[in-house]
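Below you'll find the structure, written out as structure tokens, and then a few comments.
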Amino acid sequence: QVQLVESGGGLVQAGGSLRLSCAASRRTFSTYTMGWFRQAPGKEREFVAAIARGGTITRYADSVKGRFTISRDNANNSVYLQMNSLKPEDTAVYYCAAGTGSNWYARLSYQYWGQGTQVTVSS
């Protein structure tokens, strides 16, 4: 079992930045692909970004490319999402996820999920 706890959400004006953090409970953190997903009201949970176990490979949703950066610190069992140039459409609950599936873009590839952190971007 892996427990994930997100932090760093909040209210920010459009064009601003936030950095989300996700702390994992297990020493085996480095064996999992880590992902960030988000869910806006009335919408399905969608992929945002993912990072390989070693941190050398990343993937992003087209909507966040060039604005968001995912990174991880395996020594501290943590993954981060730096979000710049935020837009009102980025408003959502952001979830951290850990998994072993091969399709990083799919929710089913992730076995463990955090409780989410709210990000609100005002116009």
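Everything numeric here is computed off the predicted structure, so don't read it as measured data.
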Go through T33 and Y110 one step at a time and tell me if the side-chain contact (heavy atoms from CB on, under 4.5 Å) criterion holds. CA-CA 8 Å; T33 298; Y110 300 86; 4.2 Å; yes
Take Q82 and S71 through the test side chain to side chain donor-acceptor pair (under 3.5 Å) and record every step on the way to the result. CA-CA 8 Å; Q82 177 66 43; S71 61; over 6 Å; no
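Every residue meeting the side chain to side chain donor-acceptor pair (under 3.5 Å) condition with Y94, not counting sequence neighbours, appears here in chain and number order: R38. With sequence neighbours left out, the side chain to side chain donor-acceptor pair (under 3.5 Å) criterion links T58 to no other residue.
Hydrophobic clustering of Ile, Leu, Val, Met, Phe, Trp and Tyr side chains at less than 4.5 Å, counting indirect connections, unites M34 with Y112. The hydrophobic cluster containing L20 also contains Y60, counting ILVMFWY residues as joined when their side-chain heavy atoms lie under 4.5 angstrom apart, directly or transitively. Side-chain heavy atoms closer than 4.5 Å link hydrophobic residues (I, L, V, M, F, W, Y) into clusters, and following such links, even through other members, never connects F47 to I70. Residues Y80 and W104 are members of separate hydrophobic clusters, defined by side-chain heavy-atom contacts under 4.5 angstrom among Ile, Leu, Val, Met, Phe, Trp and Tyr. V93 and V5 fall into different hydrophobic clusters, where Ile, Leu, Val, Met, Phe, Trp and Tyr side chains are chained together by heavy-atom contacts under 4.5 Å.
Residues L11 and Q118 form no side-chain contact, since every pair of their non-hydrogen atoms from C-beta on lies 4.5 Å or further apart. No side-chain heavy atom of D90 sits under 4.5 Å from any side-chain heavy atom of M83.
K87 contributes atom NZ, which lies 14.0 Å from atom OG of S123 (distance to the nearest 0.5 angstrom). Expressed to the nearest 0.5 Å, how far CG of N77 lies from SG of C22 amounts to 10.0 Å. Note that OG of S17 is 6.0 Å distant from CG of L86, once rounded to the nearest 0.5 Å. Atom CG of N84 and atom CZ of R19 lie 11.0 Å apart (nearest 0.5 Å).
Checked by atom type and distance alone, the side chain of Q39 never pairs as donor or acceptor with a backbone atom of A92 at under 3.5 Å. Checking side-chain atoms of E6 against main-chain N and O of C96 turns up a donor-acceptor pair under 3.5 Å.
Annotation for R53: atom CZ does not count as buried by contact number, only 12 or fewer foreign heavy atoms lying within 6.0 Å. The 12-atom threshold is exceeded at CD of E89, counting heavy atoms of other residues, nucleotides or ligands nearer than 6.0 Å.
Across every non-hydrogen atom of A14 and P88, the tightest pair is CB-CD, 4.1 Å. Minimum heavy-atom separation, A24 to L4: CB-CD2, 3.7 Å. Looking at every heavy atom in both residues, N103 comes nearest to S109 through O-OG, 2.6 Å. The heavy-atom pair separating T31 from T100 by the smallest distance is O-CG2, 4.5 Å. Residues L81 and A49 approach most closely at CD1-CB, 4.2 Å, considering heavy atoms.
Remark: R72 is positioned above the aromatic ring of F29, its terminal NZ or CZ atom under 6.0 angstrom from the ring centre and at most 45 degrees off the axis. Cation-pi geometry between R107 and F37 is not satisfied (NZ or CZ under 6.0 Å from the ring centre, within 45° of the ring normal).
Between W113 and Y95, the ring-plane angle classifies as perpendicular under the 30° and 60° cut-offs.
The residues K65 and D62 are annotated as salt-bridged, a charged nitrogen and a carboxylate oxygen being separated by less than 4.0 angstrom.
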